[in-house]
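Position 1 is the first residue of the sequence; numbering continues from there. None of these values were measured; they are calculated from a predicted model.
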Amino acid sequence: MGLKMTRDELTTFLDQEFPQVEGDFAIEEVGDMRVRVRLLVGERHLRPGGTVSGPSIFALADVTVYLATLAMIGPKALAVTTNCSIDFMRKPVAGVDLIAECRLLKLGKVLSVGEVLIFSEGMEAPVARASLTYAIPPR
């Protein structure tokens, strides 16, 4: 199928279309049906108990599948999440970034299905696993 957007194009698109999260995410790698994204963990992402909040982890998973989908279909701002299942498996480390590795399992004309593993930087075992489905707007 081939990439429709590069890492730099995805970064520019995210900053322009979603200025509210500018500076939160860094796209590290983009490949065919896969992407790796870093959540630049700051104070606003933490919860009491010294860990990264669940909503911040969800946001990372959601953005990662969105970007993997856009990398393959091109800039479609109106692609939307239609389903998400997330397992929080371990306590993330508070003082380090989170890294999400996504691979798309299915990319059709109407739906994109992705799987994400999320790691605390430096930890070998994942802290969360998510499965998301995106609806792709009609051409």
Side-chain angles (χ1 to χ4, degrees):
M1 187 170 207
L3 291 175
K4 300 277 194 285
M5 295 181 79
T6 66
R7 184 177 69 89
D8 290 343
E9 290 169 333
L10 287 167
T11 298
T12 299
F13 178 85
L14 192 62
D15 290 346
Q16 288 175 347
E17 296 296 324
F18 300 96
Q20 64 272 29
V21 299
E22 187 174 358
D24 278 359
F25 304 100
I27 303 165
E28 294 193 336
E29 187 179 318
V30 178
D32 193 42
M33 301 286 280
R34 63 181 179 77
V35 69
R36 185 172 64 227
V37 178
R38 176 180 295 262
L39 173 65
L40 304 168
V41 174
E43 191 67 32
R44 70 186 170 285
H45 301 114
L46 303 181
R47 64 173 289 272
T51 188
V52 179
S53 72
S56 295
I57 296 169
F58 170 81
L60 176 59
D62 192 41
V63 165
T64 301
V65 175
Y66 182 65
L67 292 171
T69 301
L70 294 185
M72 298 305 296
I73 67 170
K76 304 219 185 300
L78 298 180
V80 295
T81 309
T82 59
N83 188 55
C84 176
S85 173
I86 189 165
D87 297 307
F88 300 101
M89 300 185 295
R90 290 172 186 79
K91 181 179 175 180
V93 180
V96 301
D97 293 344
L98 293 182
I99 300 164
E101 297 178 356
C102 170
R103 67 185 177 116
L104 295 180
L105 304 175
K106 178 187 187 288
L107 182 63
K109 292 179 183 171
V110 177
L111 296 176
S112 173
V113 179
E115 179 176 74
V116 183
L117 288 177
I118 298 175
F119 301 86
S120 276
E121 186 171 35
M123 272 181 72
E124 199 170 311
V127 298
R129 182 201 67 83
S131 173
L132 288 97
T133 303
Y134 260 82
I136 299 169
R139 300 188 195 281

Closest non-hydrogen contact found for Ile136 with Gly108 is CD1-O, 3.4 Å

In Å, rounded to the nearest 0.5 Å, how long is the span from CD1 of Ile86 to CG of Leu60?
8.5 Å

Evaluate side-chain contact (heavy atoms from CB on, under 4.5 Å) for Ser112 paired with Leu104, printing each intermediate quantity in order.
CA-CA 7 Å; Ser112 173; Leu104 295 180; 3.6 Å; yes

Could you list the donor-acceptor pairs under 3.5 angstrom formed by side chains in residues 74-84, with sequence neighbours left out?
{"residue": "Thr81", "atom": "OG1", "partner": "Asp62", "partner atom": "OD1", "Å": "2.6"}
{"residue": "Thr81", "atom": "OG1", "partner": "Tyr134", "partner atom": "OH", "Å": "3.1"}
{"residue": "Thr82", "atom": "OG1", "partner": "Thr133", "partner atom": "O", "Å": "3.2"}

Please tabulate, for the side chains in residues 11-22, all donor-acceptor contacts under 3.5 angstrom to protein atoms that are two or more places apart in sequence or on a different chain.
{"residue": "Thr11", "atom": "OG1", "partner": "Arg7", "partner atom": "O", "Å": "3.0"}
{"residue": "Thr12", "atom": "OG1", "partner": "Asp8", "partner atom": "O", "Å": "3.1"}

Identify the heavy atoms of Arg129 and Ser131 that sit nearest to each other, and give their distance.
NH1-CB, 4.1 Å

Listed once per pair and sorted, the ring pair (Phe, Tyr, Trp, His ring centres under 6.0 Å) pairs that draw on residues 44-65, sequence neighbours left out:
none

What's the separation between atom SG in Cys102 and atom CG in Leu67, rounded to the nearest 0.5 Å?
9.0 Å

How far does CG of Leu3 sit from CG of Leu70, to the nearest 0.5 angstrom?
12.0 Å

Enter the distance from Met72:CE to Asp32:CG here, rounded to the nearest 0.5 Å.
4.0 Å

Identify each donor-acceptor pair in which a side-chain atom of residues 115-128 lies under 3.5 Å from a protein atom, sequence neighbours left out, and give them as a table.
{"residue": "Glu115", "atom": "OE1", "partner": "Arg103", "partner atom": "NE", "Å": "3.3"}
{"residue": "Glu115", "atom": "OE1", "partner": "Arg103", "partner atom": "NH2", "Å": "3.1"}
{"residue": "Ser120", "atom": "OG", "partner": "Val93", "partner atom": "N", "Å": "3.0"}
{"residue": "Glu121", "atom": "OE1", "partner": "Arg38", "partner atom": "NH1", "Å": "3.2"}
{"residue": "Glu121", "atom": "OE2", "partner": "Arg38", "partner atom": "NH1", "Å": "3.0"}
{"residue": "Glu121", "atom": "OE2", "partner": "Arg38", "partner atom": "NH2", "Å": "3.2"}

Which ILVMFWY residues can you reach from Leu111 by hopping between side chains whose heavy atoms are under 4.5 Å apart?
Val110

Determine the minimum heavy-atom distance between Thr64 and Ala100, stating which atoms define it.
OG1-CB, 3.4 Å

Among the clusters formed by ILVMFWY side chains lying less than 4.5 Å apart, do Val52 and Val96 turn up in the same one?
yes

Gap between atom CZ of Phe25 and atom CG of Leu40 - 0.5 Å precision
8.5 Å

Glu29 with Arg34: basic N within carboxylate O range, under 4.0 Å:
yes

Lys109, NZ: over 12 other non-hydrogen atoms inside 6.0 angstrom:
no

Atom of Met5, atom of Glu9 and distance for their closest heavy-atom approach:
CA-OE1, 3.2 Å

Keeping to residues at least two apart or across chains, list the ring pair (Phe, Tyr, Trp, His ring centres under 6.0 Å) pairs with something in residues 67-113.
none

Using the rule that Ile, Leu, Val, Met, Phe, Trp and Tyr join whenever any side-chain heavy atoms are under 4.5 Å apart, tell me whether Val63 and Val41 fall into a single cluster.
yes

